[in-house]
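Notes to accompany the following structure.
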Protein chains: 2
Amino acid sequence: MIVIATIKEVAKEAGVSVATVSRVLNNKGYVNEDTRKRVMSSIEKLNYKPNAVARSLFKKKSKMIGLIVPDIKNPFFPELARAVEDVTNSEGYTLILCNSDDDFHKEQKYLDALKQKYVDGFIVVTSTLKAEHVEDHNIPLVALDRSIHPEIPAVYSNNYTGAKQATQYLLELGCRQIAHIRGPHHINNAEERYKGFTDVTKDQGLYDPKLVINGGYSIEKTIGVTSELLKKSPEIDGIFAGNDMMAIGVLKAAERLGLKVPEDLKIIGFDGIALCKTTSPEITTMAQPIYEMGTTAARMLLDFIEKKEVINTKQVFQVQLVERQSTRVSLKR
Amino acid sequence: MIVIATIKEVAKEAGVSVATVSRVLNNKGYVNEDTRKRVMSSIEKLNYKPNAVARSLFKKKSKMIGLIVPDIKNPFFPELARAVEDVTNSEGYTLILCNSDDDFHKEQKYLDALKQKYVDGFIVVTSTLKAEHVEDHNIPLVALDRSIHPEIPAVYSNNYTGAKQATQYLLELGCRQIAHIRGPHHINNAEERYKGFTDVTKDQGLYDPKLVINGGYSIEKTIGVTSELLKKSPEIDGIFAGNDMMAIGVLKAAERLGLKVPEDLKIIGFDGIALCKTTSPEITTMAQPIYEMGTTAARMLLDFIEKKEVINTKQVFQVQLVERQSTRVSLKR
DNA sequence: GTGAAAGCGCTAACAG
DNA sequence: CTGTTAGCGCTTTCAC
């Protein structure tokens, strides 16, 4: 059983006032070197740790930041969370990771609940929160992966360009019947990727609306809809999936239909999650710099919080083609 | 810009004292129905939300619980976290998910940091924390997935029996040179699984220490060591991997060596994560009831916290064989 | 039934 | 340089 010491007890033990203890604790204001040492040793002796809650109450800050993601089971988000956590931890903040299921009410509930706890700021991956909701909360916030509004700081990658590159890449490989498994309509980066795809295929006179279907950013759903698609349109020779999870779904669907990848069908995903390397064939993807995006968003938020300046920054990252077996016949296979 | 109302303002608005407001807020003590209604409408009108921090300071509770996991990138843990989150949320608690990297100091840091914030309790997946460390903290805690000490409440599955079943299953399929990719030595469930494996193979006179190697619960490491192993001992016809991530690693290694799974080599994993269904062939595994384990641990902790009774419960779940392509030649392949 | 007041543990004027 | 004191917003005796 450990007795938790308070600042008062430290003060008594050191023979000073609580104000002095507070001063040495926060390295603020003048304090004589000798008394400072005395206080320090009392702190040590009593194993005193300042009470974070009392501090929060006064300061209206908590040294906590909230990270809201739509789906913790999609490995993209744990990878992102790790990045965020690394920088928040190193700056002495505690990260609260929340799963929203892409649900507006859950997001709002988290925002409310954490604000009650004086969370210093938020990083959110959201498609349902709009500028007005965020502004309502009046708290430092940066959007990650998906932009909320031009006026709200955000970190994301160039989804449109990446999608164009992906599509172009399939073209270069000789694909002529290219399908796109797109993400949900309400998610703006899914929309961007879709647009990148159509702009390129239209440009080449290869666009066919029947070759675009919605996989809902989910493996299961994608397996279903892609199987249908491939049965109806067996001439498809390339598929650009709107994210890596769906690319895995496409791969499973192709496999079940007895299609050879990449010989019969080439597949490219988007995101660059580690999972792409666990399938067979391994999946080619447009990789986002996930870790860097996470750390950038975290730094941006902490700057915002600590300097208190109202920033309005956007950081847009470029995605990079990572070629793997799903588009390329390797010698080994 | 939203102005946050305090209990004082609500009291003034309703023409009562803060004590009365507090009473209606907490449904505690007598309060006249009429004044109660008046207070309620003032609360509504001012959009008042009680300040969680002030409340924590007084109560020494925060309605937060901490969940410490070793590796958020292993999908097993997000799945577990989702389960825990579902019950903690439904009971009005905020879950703080922490990643420890299986590192003693990070675990301790989280324990300390969150205790400063009056976190109500912890659920921990740990191999490095021992009973004395936990007791030092003197806070409700339940161990999940890995037991810490007989005296500390825990939820986990029957790793030993599951491992025996897995090994026996490979035997039944006709495997005679069975290897085991084990997890780290300091992780007790890895040890149990190893023991289950050796007990069965020894019993059959098939045990060979050269066929047991350490894959460190990681895909990458497992690919390396398994490649080595398979090159040295090409006679291996079955592999029991200590978890699903390592099973994926084994699959990759086999694939790179041109081995056919399951024809040349049968593979079985342990855990039952969704990832097993994304590979090709899909991976047979001893599935733990992940969701149920998570909810059980959460309920146990909340009971502990709310009833304040010192419990000492163990919940041991049985694992279940899920047969897939990595051990069974399906007609489709 | 309701209010006044003390206090949770800490910080920040304000004096001295 | 250091101590006194008034809160941060809430809960809870203890009177009335």
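Each chain gets a letter, A, B and so on, in the order the sequences are listed, and its residues count up from 1.
- One interatomic measurement links the two molecules: NZ of A:K59 to C1' of C:dG9, which rounds to 14 Å at whole-angstrom precision.
- The separation between B:K28 atom NZ and C:dG1 atom P is 18 Å, rounded to whole Å.
- One can place CG of A:N26 at 13 Å from C1' of C:dG9, the figure rounded to the nearest angstrom.
- Annotation: ring pair (Phe, Tyr, Trp, His ring centres under 6.0 Å) contacts of B:F104 (sequence neighbours excluded): B:H133.
- For the helix from C:dG1-D:dC16 to C:dG16-D:dC1, the terminal axes (five pairs an end, C1' atoms, rotation from four pairs onto the next four) enclose an angle of 40°, given to 10 degrees.
- Atom CG of B:L57 is separated from atom C1' of C:dC10 by 8 Å (rounded to the nearest Å).
- Side-chain contact annotation: A:Y110 with A:N99, donor-acceptor N/O pair under 3.5 Å absent.
- Residues passing the side-chain hydrogen bond (donor to acceptor under 3.5 Å, both in side chains) test with B:S127 are B:R146, sequence neighbours excluded.
- Put simply, the side chain of B:R36 and the base of C:dG1 share no donor and acceptor less than 3.5 Å apart.
- The shortest distance between the side-chain N/O atoms of B:R23 and the OP1/OP2 oxygens of C:dG1 is not below 4.0 Å.
- The NZ atom of B:K63 sits 16 Å away from the C1' atom of D:dC10 (whole-angstrom rounding).
- Atom OH of A:Y118 and atom P of C:dC10 are 17 Å apart (whole Å).
- Taking every heavy atom of residues 8-21 of chain B and every atom of DNA chain D, pairs under 4.0 Å involve B:A19, by number.
- Listed pair A:N51 / C:dC8 fails the phosphate criterion, with no side-chain N or O lying under 4.0 Å from OP1 or OP2.
- Comparing D:dT2, C:dT11, D:dT11 against the side chain of A:Y30 picks out D:dT2 as the nearest.
- Here B:K60 reaches the OP1 or OP2 of C:dG9: one of its side-chain N or O atoms lies under 4.0 Å away.
- Phosphate proximity of D:dT2 to A:T35: present, with a side-chain N or O under 4.0 Å from OP1 or OP2.
- A:D86 meets the side-chain hydrogen bond (donor to acceptor under 3.5 Å, both in side chains) test with A:R82, A:Y291; sequence neighbours excluded.
- Atom CD1 in B:I4 sits roughly 10 Å away from atom P in D:dC10 (whole-Å rounding).
- Toward the 5' end of DNA chain C, the nearer of the two residues B:R38 and B:F58, judged by each one's closest nucleotide, is B:R38.
- In this structure, the side-chain hydrogen bond (donor to acceptor under 3.5 Å, both in side chains) partners of A:S22, at least two apart in sequence or on a different chain, are A:N26.
- Among the nucleotides D:dC1, D:dG9, C:dT11, the one closest to the side chain of A:N32 is D:dC1.
- The interatomic distance linking A:K61 (NZ) with C:dT11 (C1') rounds to 12 Å, in whole Å.
- Listed nucleotides: C:dT11, D:dG9, D:dT11. Nearest to the side chain of A:R55: C:dT11.
- Listed by chain and number, the residues in a side-chain hydrogen bond (donor to acceptor under 3.5 Å, both in side chains) with A:E91 amount to none (sequence neighbours excluded).
- Among residues two or more places apart in sequence or in another chain, the salt bridge (Lys or Arg N to Asp or Glu O under 4.0 Å) test is passed with A:E79 by none.
- In this structure A:K117 satisfies the salt bridge (Lys or Arg N to Asp or Glu O under 4.0 Å) test with no other residue, sequence neighbours excluded.
- In this structure, B:K106 places its NZ atom where more than 12 heavy-atom neighbours from other residues, nucleotides or ligands lie under 6.0 Å away.
- Between A:Y93 and the choices A:I305, A:L301, A:V119, the side chain to side chain contact (heavy atoms under 4.5 Å, CB included) rule is met once, by A:I305.
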